[in-house]
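Comments concern the structure below.
Every chain is numbered from 1 and lettered A, B, ... according to where its sequence line falls, protein lines coming before strand lines. Source: prediction; values computed, not measured. Excluded from the calculations below are hydrogen atoms, water molecules and symmetry mates; all remaining heavy atoms, backbone and side chain alike, are included.
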There are 2 protein chains.
Amino acid sequence: MNDLLERLRGRGWRLTSQRRVVAEVLDGEHVHLTADQVHARAVARLPEISRATVYNTLGELVALGEVLEVATDGRARRYDPNAHRAHQHLVCSGCGAIRDVHPQGDPLAALPAAERFGFAVTTAEVTYRGLCPDCRA
Amino acid sequence: MNDLLERLRGRGWRLTSQRRVVAEVLDGEHVHLTADQVHARAVARLPEISRATVYNTLGELVALGEVLEVATDGRARRYDPNAHRAHQHLVCSGCGAIRDVHPQGDPLAALPAAERFGFAVTTAEVTYRGLCPDCRA
DNA sequence: TGTTGACTTAGACAAAGTCCAAGTTAGGAT
DNA sequence: ATCCTAACTTGGACTTTGTCTAAGTCAACA
Ligand SMILES: [Mn+2]
Ligand SMILES: [Mn+2]
Ligand SMILES: [Zn+2]
Ligand SMILES: [Zn+2]
C-alpha cells in the first residue's frame with residue numbers, strides 16, 4: 001500500500017491523512033466495499049473525514065487504475081483494490097457475498113468478430129451468480 | 001406481447017391499463033430502458049400512470065422471468081424484454097449504447113469447480129465494453 | 001516560516017428507488 | 001346488470017447513492 005501512496009506522490013498528489021486512511025481501508029483480497037462502507041471504516045480511524053473526500057479519493061484511485069469499480073447489482077457501486085490481477089466475480093444471490101474468481105481463458109475470445117458490430121471491444125466483465133454454501137442450507 | 005398478458009392473467013393478475021401499457025412499451029430487441037424511460041414512454045400513452053406503478057410492474061415482470069434486469073453501469077437499472085433468448089451485452093464506453101450479443105459457448109463452462117468455492121453457480125452475465133463505431137471516430 | 005494552490009469540508013442538491021395510507025377498479029359473485 | 005372486495009394505483013414522503021460548490025485548511029516547496 002506504500003507503493004500506492006508513492007505512486008500517488010509521483011503524480012504530484014499530496015499525501016493527506018484522508019487519502020492515507022482510504023488507501024489503508026481498501027486493502028486485501030475479496031474486498032468489495034461500497035463508498036459508504038469505506039467511509040464508515042475510514043471514520044473509525046479518522047473521525048472527521050467527510051463523505052465527499054471518500055468519493056473524491058475513490059474516483060481518483062479508479063482513474064489511476066489502482067482500484068476497480070464493480071457494479072454487480074443495481075445498488076451501490078463497489079470498490080475493489082485487487083486491480084493488478086485480472087479476475088471476475090462470483091456473487092451469492094442470497095446474501096450478496098462477493099468472491100474473486102479466475103475463469104479459464106480470455107472471456108473476450110468468446111465474442112466473434114461478427115458479434116462485435118464494429119465496436120473496438122477492450123474488456124469483458126463476468127458476474128457469476130449462485131447460492132453460497134451458507135445460503136444453500 | 002399478448003402472450004405475456006395472458007400469462008399474467010393465468011397467474012391471477014388483473015389486466016389493468018397500466019400493466020398493458022408497460023408491456024407495450026417494453027417490446028422489441030436491443031431494448032434496455034431505465035425505469036424512468038419506461039415511465040416517460042408509458043405516460044405518452046396513459047398520462048396518469050405513476051412512477052410507483054411502473055416500478056411495481058417492472059418488478060413483477062422481472063419476478064415472472066418475462067423481463068431481465070441489467071446493471072451495466074453503476075447508475076439506473078435497465079429493463080430488457082428479450083428474456084427468452086440467452087444473450088450478453090456489449091456496451092459503448094463513450095455513449096453508453098447497449099447491444100445484445102451472442103458469444104460462443106457457455107460462459108459458465110469457463111469457471112472450474114475449484115473456482116466455485118462451494119457455490120451452486122447458475123448464471124453468468126457478461127458485459128463487453130469498448131467504443132462503438134460512432135464514438136471511435 | 002511563509003506562501004499558495006491543492007485538498008477537505010458541510011451541506012445543498014440530484015438521481016434512483018422504496019414505502020405507505022387513501023382512493024380506485026377488474027373481475028368474480030349475485 | 002350491478003355489487004363487492006381484494007388487488008391495484010396513486011401522490012408524495014422518505015431513503016439511498018452520488019454530485020457539486022463555496023469557504024476554510026494544510027502539504028509541500030521555497
Ligand atoms: Mn474483486
Ligand atoms: Mn439485452
Ligand atoms: Zn450467501
Ligand atoms: Zn458510442
- Message: I want to check one thing: is the phosphate of C:dT8, taken as OP1 and OP2, less than 4.0 Å away from some side-chain N or O of A:T16?
- Response: yes
- Task: For A:N82 and A:H30, test the side chains for any donor-to-acceptor distance below 3.5 angstrom and give the result as yes or no.
- Result: no
- Taking atom CZ of A:R99 and atom NE2 of A:H89, what is their separation to the nearest 0.5 Å? 11.0 Å
- Query: Which residue lies toward the 5' end of DNA chain D, B:G74 or B:E48, if each is placed at its nearest nucleotide?
  - Reply: B:E48
- Message: Which is more 5' along DNA chain C, the nucleotide nearest B:S17 or the one nearest B:A35? Just name the residue.
- Response: B:A35
- For A:L46 and C:dC7, give me the distance from atom CG to atom C1', rounded to whole Å. 13 Å
- Would you say the side chain of B:R14 and the base of D:dA6 hold a donor-acceptor pair, judged only by whether the two atoms sit under 3.5 Å apart? yes
- Note on the structure: Considering only heavy side-chain atoms of B:Y55, the closest of D:dC8, C:dC7, C:dT18 is C:dT18
- Task: Would you please confirm or rule out a distance under 4.0 Å between OP1 or OP2 of D:dC26 and any side-chain N or O of A:Q18?
- Result: no
- Would you say the base of D:dC8 and the side-chain of B:R19 have a donor-acceptor pair closer than 3.5 Å? no
- Rounded to whole Å, CG of A:L8 lies from P of C:dA6 at a distance of 16 Å
- Message: Looking at D:dT16, I'd like to know if its phosphate oxygens (OP1 or OP2) sit under 4.0 Å from a side-chain N or O belonging to A:R75.
- Response: no
- Query: Are B:R51 and D:dA13 close enough that a side-chain N or O sits under 4.0 Å from OP1 or OP2?
  - Reply: no
- Going by distance alone, is a donor N or O of one side chain under 3.5 Å from an acceptor N or O of the other, for A:Y79 and A:E69? yes
- Could you state the atom-to-atom distance from CZ of A:R77 to C1' of D:dT16 in whole Å? 13 Å
- Note on the structure: A:R9 atom CZ is separated from D:dC29 atom P, nearest whole Å, by 8 Å
- Query: Hey, is B:R51 close enough to B:D36 for a salt bridge, meaning N to O under 4.0 Å?
  - Reply: yes
- 5' priority, DNA chain C, between B:A52 and B:L15 [closest heavy atom]: B:A52
- Report the distance from atom CG of B:D36 to atom P of C:dT18, rounded to the nearest whole Å. 12 Å
- Message: Nearest to the side chain of A:I49, heavy atoms from C-beta on, is which of C:dT9, C:dC7, D:dT17?
- Response: C:dT9
- Item | Distance below 4.0 Å between A:T53 side-chain N/O and C:dT9 OP1 or OP2 | yes
- Query: If you check every side-chain atom of A:A76, which of D:dA28, D:dG18, D:dA6 has the closest atom?
  - Reply: D:dG18
- Item | Between C:dA16 (P) and B:L33 (CG): distance, integer Å | 14 Å
- Message: How many whole angstroms separate atom CG of B:N56 from atom C1' of C:dT24?
- Response: 15 Å
- Residues B:E60 and B:R19 bridged, charged N to O under 4.0 Å: yes
- Can you check the B:E69 CD to C:dA16 C1' distance for me, whole Å? 12 Å
- B:A120 and A:R136 have their tightest heavy-atom pair at CB-CD, 3.6 Å
